[in-house]
Amino acid sequence: QVQLVESGGGLVQPGGSLRLSCTSSDSVDYYAIGWFRQAPGKEREGVACFSRSDGSLYYKDSVKGRFTISRATSDNAKSTVYLQMNSLKPEDTAVYYCALDLERLCAKNLWPDDYDVWGQGTQVTVSS
């Protein structure tokens, strides 16, 4: 069973940046990989997803132009995906998760229930 580990969360001031990393125990080239977040008292929501096999790429509307999902280009390219987050806002505060969809390609609806393998999450707090 493939395993995912997120890292890179932390406390940042509004307007600041963070880069989250998701490292997989196996190649992610053949799956959809997504980033999700869950704020206290709210449902988990999709932030972005990417499928290398067909190049599909989608973002939640509220993060377009601020967040970028990308695949590593180093020796870990096949197993590491990043979420670069710029111009962070207090409403971006949440636990962020990466996940793999083993059956489907990246889809615009970013539906969490489609994803099969999840990491443990990393906390992102945006506050002054």
Side-chain angles (χ1 to χ4, degrees):
Q1 173 80 350
V2 64
Q3 294 181 328
L4 303 174
V5 178
E6 304 95 337
S7 61
L11 174 64
V12 62
Q13 292 186 343
S17 298
L18 282 175
R19 189 177 78 164
L20 305 183
S21 299
C22 174
T23 301
S24 172
S25 58
D26 199 356
S27 172
V28 300
D29 279 356
Y30 305 106
Y31 309 124
I33 186 158
W35 283 98
F36 297 81
R37 67 187 181 186
Q38 188 165 18
K42 295 188 177 181
E43 294 186 353
R44 191 169 298 189
E45 62 179 7
V47 175
C49 69
F50 167 71
S51 295
R52 185 173 184 270
S53 58
D54 72 341
S56 55
L57 179 65
Y58 295 104
Y59 293 97
K60 177 180 173 62
D61 285 346
S62 63
V63 307
K64 286 180 181 177
R66 300 189 298 122
F67 290 12
T68 304
I69 186 172
S70 64
R71 180 172 164 272
T73 57
S74 66
D75 290 343
N76 293 327
K78 292 185 177 181
S79 62
T80 301
V81 175
Y82 301 115
L83 184 69
Q84 177 67 43
M85 306 186 295
N86 299 327
S87 302
L88 283 162
K89 305 175 181 180
E91 51 264 41
D92 295 318
T93 296
V95 177
Y96 282 71
Y97 301 88
C98 64
L100 291 179
D101 184 341
L102 303 179
E103 299 179 7
R104 289 163 287 265
L105 299 174
C106 172
K108 187 176 182 180
N109 60 10
L110 292 166
W111 184 239
D113 286 356
D114 287 342
Y115 287 74
D116 308 289
V117 181
W118 292 80
Q120 83 290 349
T122 185
Q123 176 70 47
V124 172
T125 302
V126 184
S127 175
S128 55

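Side chains are part of it too, since the values below use all heavy atoms of this structure and drop only hydrogens, waters and symmetry mates.
Note on Phe50: it clusters hydrophobically with Leu102, by side-chain heavy-atom contacts below 4.5 Å among ILVMFWY residues. Hydrophobic clustering keeps Val95 apart from Val124 (ILVMFWY residues linked when any side-chain heavy atoms are closer than 4.5 Å, directly or through intermediates). Neither Val2 nor Leu105 shares a network with the other; the hydrophobic side chains, linked directly or stepwise wherever heavy atoms of I, L, V, M, F, W or Y lie under 4.5 Å apart, form separate groups for each.
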From CA spacing to verdict: side chain to side chain contact (heavy atoms under 4.5 Å, CB included), Val5, Gln120: CA-CA 7 Å; Val5 178; Gln120 83 290 349; 4.2 Å; yes
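The two atoms that bring Gly8 and Leu18 nearest to each other are O-CD2, 3.8 Å, heavy atoms only. For the residue pair Arg66 and Asp92, the shortest heavy atom distance occurs at NH1-OD2, 2.8 Å. Scanning both residues, Met85 and Leu88, for their nearest heavy atoms gives CB-CD2, 3.8 Å. Counting all heavy atoms, side chain and backbone alike, Ala48 lies closest to Leu110 at C-CD2, 3.6 Å.
Under a 3.5 Å cut-off, the side chain of Glu6 and the backbone N or O of Cys98 do form a donor-acceptor pair. Side-chain N or O atoms of Ser51 include one that pairs as donor or acceptor with a backbone N or O of Cys106 at under 3.5 Å. With Thr125 contributing its side chain and Thr93 its backbone, the two residues share no donor-acceptor pair below 3.5 Å. Side-chain atoms of Arg71 never come within 3.5 Å of backbone atoms of Arg52 as a donor-acceptor pair (strictly under, hydrogens ignored).
Going from atom CZ of Arg104 over to atom OH of Tyr31 covers 13.5 Å, rounded to the nearest 0.5 Å. Interatomic distance, Gln84 CD to Leu20 CG, rounded to the nearest 0.5 Å: 8.5 Å. From Leu4, atom CG reaches atom CG of Leu100 across 4.5 Å, with rounding to the nearest 0.5 Å. Note: Ser24 OG to Ile33 CD1 = 6.5 Å, rounded to the nearest 0.5 Å. Here the straight-line distance linking atom CD of Gln1 with atom CG of Asp26 works out to 10.5 Å at 0.5 Å rounding. Here the CZ atom belonging to Arg19 is positioned 11.5 Å from the OG1 atom belonging to Thr68, to the nearest 0.5 angstrom.
Between Phe67 and Tyr96, the ring planes lie tilted relative to each other; the angle falls in the 30° to 60° range. Note on ring orientation: taking the six-membered ring where Trp is involved, the planes of Trp118 and Tyr97 are perpendicular (angle over 60°, cut-offs 30° and 60°).
No more than 12 heavy atoms of other residues, nucleotides or ligands shown are found within 6.0 angstrom of NZ on Lys108. Around the CH2 atom of Trp111, the shell of radius 6.0 Å holds no more than 12 heavy atoms that belong to other residues, nucleotides or ligands.
Using a 4.0 Å cut-off between charged nitrogen and carboxylate oxygen, Lys64 and Asp61 count as a salt-bridge pair.
Of the residues listed (Trp35, Tyr59, Tyr115), the one engaging Cys49 in a side chain to side chain contact (heavy atoms under 4.5 Å, CB included) is Tyr115, and it is the only one.
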Using residues 38-47 as the side-chain source, report each donor-acceptor pair under 3.5 Å to any protein atom, sequence neighbours left out, with the distance given to one decimal.
| residue | atom | partner | partner atom | Å |
| --- | --- | --- | --- | --- |
| Gln38 | OE1 | Arg44 | NE | 3.3 |
| Gln38 | OE1 | Arg44 | NH2 | 3.4 |
| Gln38 | NE2 | Lys42 | O | 3.1 |
| Glu45 | OE1 | Lys60 | NZ | 3.2 |
| Glu45 | OE2 | Arg37 | NE | 2.7 |
| Glu45 | OE2 | Arg37 | NH2 | 3.2 |

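Side-chain contact between Leu11 and Ser127 is present, with heavy atoms from C-beta onward closer than 4.5 Å.
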